[in-house]
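Structure first, then comments.
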Amino acid sequence: MAGGLVALFDDIAAIARIAAASVDDVAAAAGRAGSKSLGVVIDDAAVTPRYVTGAQAARELPIIKKIAIGSIRNKLLFILPTIMLLSQFVPWTLTPILMLGGSYLCYEGAEKVYELVSGHGKGDPDTPAVEQGPEAEAKMVRGAITTDFILSAEIMVIALNEVADEPFVSRGIILIVVALGITALVYGAVALIIKMDDIGLRLAENESEFSTKLGLGLVKAMPVVLSVLSTVGIVAMLWVGGHIILVGMDELGFHLIYGWVHSAEEVVAGLIPAIGGVLSWLTNTLASAVLGLIWGGVLVAVLHLLPIGRKDPVH
């Protein structure tokens with residue numbers, strides 16, 4: 001009997017080790033897949049705060065919560081099943097889909113650059129939706145969730161592309177982990193950013209001189225943080241979108257531009273071997289951003305010339 005129990009415990013221990021290894025593999029793959037989506041994640045985090053700018057403090061977190069729930073629903077109920085089926089039965093569609101998303105990022109980034117250079121920004125509404133009533137707030141939340149859908153789809157396809165060789169079930173589990181983890185990261189960061197001024201005011205009310213200075217510093221830093229985040233978001237869109245287009249063209253058989261960039265990476269990496277990897281990455285990143293700006297600039301020009309691209313009626 002004792003021998004049987006020992007054997008049973010050995011089997012259980014072996015199963016536990018296999019399970020632990022599987023969890024480690026999933027975690028590692030999820031981390032690898034999530035890191036590849038970092039640029040879009042930054043963009044997602046940069047876009048969301050504007051939806052609650054000017055809102056009453058009591059409404060900020062509830063709005064973020066609604067958008068976060070909508071984001072999880074987007075990822076798990078709509079995007080995940082669709083891309084899983086595509087990857088299983090028509091995997092060749094993933095690269096074109098990824099390039100469409102990359103083109104959208106390039107377009108958005110280039111349009112923001114155009115608005116900054118030309119001074120023709122869209123501007124902010126005079127009154128925040130949350131101050132116009134429940135219907136306006138609900139409409140604004142729906143708009144935010146729609147924007148999130150596009151960014152979430154891009155994140156999920158990028159993540160899937162990194163684990164395309166995994167078995168079907170493993171791919172599904174990894175993508176669920178990525179979806180939940182990235183949503184928590186993005187909207188946790190957004191919640192912290194939009195409450196920074198409130199945290200600062202609370203600290204400023206303390207009797208401690210250090211606390212007061214720190215609190216006032218946080219309040220003053222808030223506009224700077226939002227401005228920097230917006231700039232980082234633009235750069236991230238061009239960089240990630242351009243890199244997607246660069247790799248996508250290579251995978252579809254157009255190797256010229258990818259070959260130029262790869263050759264430049266090798267040359268730069270050889271200049272200072274100690275930091276060759278960093279220089280190579282910077283070269284690829286810069287080339288991707290430039291390609292993204294050019295690609296997006298062409299799309300902006302075309303769409304502004306077409307009737308469907310005009311935002312104002314032509315008189």
- [ ] Work out which heavy atom in Ala110 is nearest to a heavy atom in Gly297; give both atom names and the distance.
- [x] CB-N, 3.5 Å
Task: Closest heavy-atom pair and its distance - Thr212, Ala204 - done: OG1-O, 3.5 Å
Task: For Glu166 against Arg171, the heavy-atom pair lying closest together - done: O-NH1, 2.7 Å
Open item on the list: Are Ile83 and Leu175 packed together at the side-chain level, in the sense that at least one heavy-atom pair is separated by less than 4.5 angstrom?
Closed with: yes
Open item on the list: Please determine whether residues Trp281 and Ile244 belong to a single hydrophobic cluster, defined as Ile, Leu, Val, Met, Phe, Trp and Tyr linked transitively by side-chain heavy-atom distances below 4.5 Å.
Closed with: yes
Open item on the list: Who clusters with Val219? Use side-chain heavy atoms, under 4.5 angstrom, across I, L, V, M, F, W and Y, and order the result by chain and number.
Closed with: Leu201
Open item on the list: Applying the side-chain contact (heavy atoms from CB on, under 4.5 Å) criterion to Leu180, which one of Val177, Thr183, Ile176 satisfies it?
Closed with: Ile176
Open item on the list: Would you say that more than 12 heavy atoms from the other residues, nucleotides or ligands in this model lie under 6.0 Å from the CD of Glu209, or not?
Closed with: no
TODO: Please examine the side chains of Leu80 and Leu76, heavy atoms only from C-beta on, and report whether any two atoms are closer than 4.5 Å.
DONE: yes
Task: Between CG on residue Leu100 and OG1 on residue Thr93, distance to nearest 0.5 Å - done: 10.5 Å
Task: Euclidean distance, Ile199 CD1 relative to Ile193 CD1, rounded to 0.5 Å - done: 11.0 Å
TODO: Looking only at non-hydrogen atoms, find the nearest pair between Leu61 and Ala191 and report the distance.
DONE: CD2-CB, 3.8 Å
TODO: Using side-chain contact (heavy atoms from CB on, under 4.5 Å) as the criterion, point out the one residue from Leu246, Val261, Leu238 that pairs with Leu291.
DONE: Leu246
Task: Linked, directly or transitively: Phe210 and Leu218 (ILVMFWY side chains, under 4.5 Å) - done: yes
TODO: First locate atom CD1 of Ile182, then atom NZ of Lys75, and finally report the distance between them rounded to the nearest 0.5 Å.
DONE: 7.0 Å
Task: Distance, nearest 0.5 Å, that separates CD1 of Ile79 from CE of Met156 - done: 6.5 Å
Task: Nearest non-hydrogen partners of Gly241 and Cys106, listed with the distance - done: C-SG, 3.4 Å
Open item on the list: Side-chain heavy atoms nearer than 4.5 Å, only ILVMFWY residues, links allowed to pass through others: does that put Leu299 and Ile257 together?
Closed with: yes
- [ ] Grab the two heavy atoms, one from Trp239 and one from Ser288, that are nearest each other, plus how far apart they are.
- [x] O-CB, 3.5 Å
TODO: State, yes or no, whether a side-chain contact exists between Ile69 and Ile145 at a heavy-atom distance under 4.5 Å.
DONE: no
TODO: Report yes if some heavy atom in the side chain of Ile234 is under 4.5 Å from a heavy atom in the side chain of Leu116; otherwise report no.
DONE: yes
TODO: Decide yes or no for Val268 and Leu282: does some side-chain heavy atom of the first lie under 4.5 Å from some side-chain heavy atom of the second?
DONE: no
Task: Donor-acceptor under 3.5 Å (Ser211 side chain, Glu205 main chain) - done: no
TODO: Calculate, to the nearest 0.5 Å, the distance between atoms CD1 and CE belonging to Ile245 and Met99 respectively.
DONE: 4.5 Å
Task: From CA spacing to verdict: side chain to side chain contact (heavy atoms under 4.5 Å, CB included), Ile158, Val240 - done: CA-CA 10 Å; Ile158 292 172; Val240 176; 4.3 Å; yes
TODO: State, with a plain yes or no, whether a side-chain heavy atom of His262 is found less than 4.5 Å away from one of Asp250.
DONE: no
- [ ] Find the distance between CE (Met84) and CG (Leu160) and round it off to the nearest 0.5 Å.
- [x] 7.0 Å
Task: Heavy atoms of other groups near Tyr258 OH, more than 12 under 6.0 Å - done: no
TODO: Give a yes or no on whether Val157 and Phe78 share a hydrophobic cluster (residues Ile, Leu, Val, Met, Phe, Trp, Tyr; joining criterion: side-chain heavy atoms under 4.5 Å apart).
DONE: yes
Task: Co-membership, hydrophobic cluster, residues Leu105 and Val290, 4.5 Å side-chain - done: no
TODO: Return yes if a side-chain donor-acceptor contact under 3.5 Å exists between Ser280 and Asn284, otherwise no.
DONE: no
